[in-house]
Amino acid sequence: MTPSILGRRLFCSASFAAFLPGMANAAAYPDHPIKMVVPFPPGAGTDATARIVAQKLGELLHQTVIVDNVAGANGLVGTKAVARATPDGYSLLIAAPGPMAIAQFMFADMQYDPEADFVPVIKINEARIGLVVGKDVKANTLPELVKLIRDNPGKLNAGNATVGSVHHLVAEMFKIEKGLDFTLVNYKGGAGALTDLMGGHVDFMFIGLSSIVPQVKEGSLRLLMAVGDTRSAIFPDVPCSKELGMPTLIGAQWQGLVAPKGTPPAIVAALHDAVFQALQSPDVKEKLEQIGTEVSTGSSAEFGAFLDAERKRWGPVIKQANIKVD
């Protein structure tokens, strides 16, 4: 049988097993099913990403990859479970912004350290965010919306799907950077916020681009900006925040793979290579695009640097906006 990319990587590392702690069993990895924990309920975007990747990863590793939904406390329960798991490559976590880069600034005691308790494997994908306004709002461009808010301080309302989400933090960053006065109306999910936006009960909101394609195309909502330093593949005609003079307004809903701290480096490297190969598969790329995400691969070190940048970005925003969780 032709060795998989994982087998080739570990075969090369086997000669060092006697010298590196924890590497004695690396060459046999994986010899039983791998558990990939999703710290959210089934059906959400993070869960969909995990199942798409897990299926292809299992094919490449010639081993079963089980997706295990361990929900609770906005992702903290499942994340804590993996932080405490044996670091042998058989318990992995689908990482997301909340548990890995935001919650630590909002909760006094998470019972895990997102920086110290995990090792990054690879960033998988991201879902872009945009600023959209209701059809009756008298603003067709971002400068027009900014002027409208400034001319009517405290009178415009922005829908917010979830307190402490990336969408929420981007809205707060927008408010801070532009020095604006508007009211954030919190909802218990994106569906209610979007319904009220279309009904004219709120004026604008930051939302995932993939969730508003029909409304924008039919004209019931107007998309003024894609958040980030490039235009979105979904709406290539809409300017990005960098083009509109806000290069530091960055934020997206992303997913990645991390392992418990102490996982042998050769296993981390092999997992990275296998997931990277999975993400290059046309069928995987197509499925991830169908759920509104863009594949974003890179090295483990690059994912680690990305996580560090995310924490440095959101910590000050949360502090300045005084965001608290009830």
Side-chain angles (χ1 to χ4, degrees), residues 33-61 63-85 90-103 110 112 114 118 120-129 161-168 187-194 207-213 234 251-260 271 274-276 278-279 281 283-297 303 306-307 310:
I34 297 169
K35 181 170 65 175
M36 184 182 288
V37 172
V38 175
F40 303 104
T46 305
D47 179 67
T49 292
R51 294 180 187 278
I52 292 168
V53 172
Q55 181 179 354
K56 179 61 69 172
L57 188 60
E59 295 173 9
L60 292 170
L61 301 184
Q63 188 56 261
T64 302
V65 179
I66 302 167
V67 175
D68 185 15
N69 295 89
V70 184
N74 297 315
L76 303 190
V77 174
T79 304
K80 180 179 69 174
V82 177
R84 295 179 175 179
Y90 291 98
S91 292
L92 307 173
L93 175 73
I94 292 292
M100 294 299 294
I102 295 172
M110 299 192 302
Y112 71 87
F118 295 95
V121 177
I122 189 170
K123 184 183 177 189
I124 295 173
N125 62 347
E126 68 176 28
R128 298 286 297 276
I129 294 171
T162 308
V163 174
S165 65
V166 173
H167 308 77
H168 180 192
Y187 291 80
K188 294 183 178 180
L194 184 57
I207 190 170
L209 294 179
S210 63
S211 62
I212 54 171
V213 173
I234 301 176
Q253 182 67 39
W254 51 264
Q255 282 85 39
L257 189 68
V258 298
L271 279 167
V275 175
F276 184 91
L279 294 174
S281 172
D283 60 323
V284 170
K285 292 181 73 172
E286 181 179 359
K287 289 175 181 176
L288 289 174
E289 289 171 358
Q290 286 175 348
I291 63 172
T293 70
E294 301 173 8
V295 172
S296 51
T297 58
F303 184 33
F306 171 81
L307 289 172
E310 284 282 279

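Contact of the L93 side chain with the M100 side chain is registered, since non-hydrogen atoms from C-beta on lie closer than 4.5 Å. Taking the side chain as every heavy atom from C-beta outward, N125 and L279 never approach each other to under 4.5 Å. Side-chain contact between T162 and H168 is absent, with no heavy-atom pair separated by less than 4.5 Å. By the 4.5 Å heavy-atom criterion applied to side chains, I52 and K56 are not counted as neighbours. Within the 4.5 Å cutoff, no side-chain heavy atoms of F303 are placed close to those of L257.
Between the CD atom in E310 and the NZ atom in K123 there is a gap of 7.5 Å [rounded to 0.5 Å]. Taking CD of Q255 as the reference point, atom CD of E126 lies at 9.5 Å (rounded to 0.5 Å). Interatomic distance, E286 CD to L288 CG, rounded to the nearest 0.5 Å: 10.5 Å. Atom-to-atom distance recorded for T49:OG1 and I291:CD1 is 3.5 Å, nearest 0.5 angstrom. Rounding to the nearest 0.5 angstrom, the gap separating the CG atom in L57 from the CD atom in E59 is 9.5 Å. The distance from atom CH2 of W254 to atom OG1 of T46, rounded to the nearest 0.5 Å, is 9.5 Å.
Listed by chain and number, the residues in a ring pair (Phe, Tyr, Trp, His ring centres under 6.0 Å) with Y90 are Y29, H32 (sequence neighbours excluded).
Taking both residues in full, the closest heavy atoms of A127 and A252 are given as O-CB, 3.5 Å, listed atom of the first, atom of the second, then distance. Across T64 and I66, no two heavy atoms sit closer than the pair CG2-CG1, 3.8 Å. When every heavy atom of P99 is checked against every heavy atom of A96, the shortest pair comes out as CD-O, 3.5 Å. Scanning all heavy atoms of the two residues, the minimum distance from V121 to A259 falls at CG2-N, 4.1 Å. Taking every heavy atom of both residues into account, A274 and L61 meet most closely at CB-CD2, 3.8 Å. The shortest heavy-atom contact between G251 and I129 is O-CD1, 3.8 Å.
Within the 3.5 Å criterion, the main-chain N or O of M36 finds no donor-acceptor partner in the side chain of D68.
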Which atom pairs, one a donor and one an acceptor, fall under 3.5 Å between side chains of residues 74-85 and the rest of the protein, sequence neighbours left out?
residue: T79; atom: OG1; partner: G75; partner atom: O; Å: 2.7
residue: K80; atom: NZ; partner: Q111; partner atom: OE1; Å: 3.0

**Item:** Evaluation steps, side chain to side chain contact (heavy atoms under 4.5 Å, CB included), between I94 and I124
**Value:** CA-CA 9 Å; I94 292 292; I124 295 173; 4.0 Å; yes

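In the displayed structure, E294 atom CD is contacted under 6.0 Å by more than 12 heavy atoms of other residues, nucleotides or ligands.
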